[in-house]
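See below for the structure under consideration.
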2 protein chains.
Amino acid sequence: MDAIDQRIVSCLVTDARSSYAEIGGAVGLSAPAVKRRVDKLLDMGVLRGFTAVVDPEALGWGTEAFVEVHCRGNIPPSEIRGRLEPLPEVVAAYTVSGAADAIVHLRAANIHHLETVLERLRGLDIVDRTISTVVLSTLLDRPPTPEH
Amino acid sequence: MDAIDQRIVSCLVTDARSSYAEIGGAVGLSAPAVKRRVDKLLDMGVLRGFTAVVDPEALGWGTEAFVEVHCRGNIPPSEIRGRLEPLPEVVAAYTVSGAADAIVHLRAANIHHLETVLERLRGLDIVDRTISTVVLSTLLDRPPTPEH
DNA sequence: TGTGAAAACGTCCTGGA
DNA sequence: TCCAGGACGTTTTCACA
């Protein structure tokens, strides 16, 4: 993972469908050399894959919320994960420091759908109570880059 | 935006570097037909682009936090955005309902780096106070899919 | 790591349902 | 209007130096 690898990752984060020749031109390497490095980065797990960036609004996921989840008793993270994974509206979830056991990032079609999801979340027997924060607008959303 | 478009988007979310022929095989269309639909989806803004999924740990961004930001007085969202955008450690930011003016998602190299970033955040003249929640582990992290 | 060749792919254009 | 098929230039992907 040297400086050239970092620049290759930057290129792919900017556009995952750019050709090896293009990337090579940007970093000063031939296309096969770039491919070998990309394969290695995938193998090492630095690159996990390539995905399309979609507009959630256009797909009918216009409403977002962050939910602090407080669990009953001592629930291991794997248990929380197992309960959240079947809910398609959960796009991300974290265990956190502080009073809450987890922060859950939800995406729903609208406020009504969000309410239904929150009810299902509260209905889980591991969940004691939840504190919801509805997202009004997204100010910023960008992928992490290799350079600081 | 019909059922075939949704499946094309799903394919691209799963692997943004798959070929048009591969996608065509999955959805029952020829490669040129898939390309035309992808071009249209890009044009409509449903697809915003294609990016590499990187492992933040591998890039030296091992520490994450969510920060509730409370501003002084009435600050418009565009002003908040403008102040957060220059900070590379801010990976996402939202205006939200409730007492806080914004929720900021931070990524830092380590706890010490995180502390520095929090200080810079608190140093902004628009910021009154902040409440930080450090992420201990990521339970789930997945892109939004077209189907419910 | 770069070079070169073969196979696969992207990207047009044209005909047909 | 939207799709399949074909042609041509490009890219991927290998072997070898």
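Within every chain, numbering begins at 1; the chains are lettered A, B, ... in the order of the sequence lines, protein sequences first and strands thereafter.
Within the structure, side chain to side chain donor-acceptor pair (under 3.5 Å) contacts touching residues 51-60 of chain A (residues at least two apart or in different chains) are D55(A)-R48(B). Sorted by first and then second residue, the side chain to side chain donor-acceptor pair (under 3.5 Å) pairs involving residues 26-39 of chain A (not counting sequence neighbours) are D2(A)-R37(A), D5(A)-R37(A), K35(A)-D39(A). Listed by first and then second residue, the side chain to side chain donor-acceptor pair (under 3.5 Å) pairs involving residues 95-107 of chain A are E64(A)-H105(A), E64(A)-R107(A), T95(A)-S137(B) (not counting sequence neighbours).
Considering only residues two or more places apart in sequence or on other chains, D15(A) meets the salt bridge (charged side-chain N to carboxylate O under 4.0 Å, His left out) condition with none of them. Contacts of D128(A) classified as salt bridge (charged side-chain N to carboxylate O under 4.0 Å, His left out), with partners at least two apart in sequence or in another chain: R72(A). Qualifying salt bridge (charged side-chain N to carboxylate O under 4.0 Å, His left out) partners for E85(A), counting only residues two or more places apart in sequence or in other chains: R142(B).
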Sequence neighbours left out, cut at 3.5 Å: what donor-acceptor pairs do the side chains of residues 117-127 of chain B make with other protein atoms?
from	atom 1	to	atom 2	distance (Å)
R120(B)	NH2	E89(B)	OE1	3.4
R120(B)	NH2	E89(B)	OE2	3.1
R122(B)	NE	T130(B)	OG1	2.9
D125(B)	OD1	R83(B)	NH1	2.8
D125(B)	OD1	R83(B)	NH2	3.3

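Comparing the axis of the opening five pairs of the helix from dT1(C)-dA17(D) to dA17(C)-dT1(D) with that of the closing five pairs yields an angle of 30°, rounded to 10°.
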Contact pattern, 5' to 3', of nucleotides 2-13 of chain D - B, S or - by protein heavy atom under 4.0 Å
-BBBB----SSB
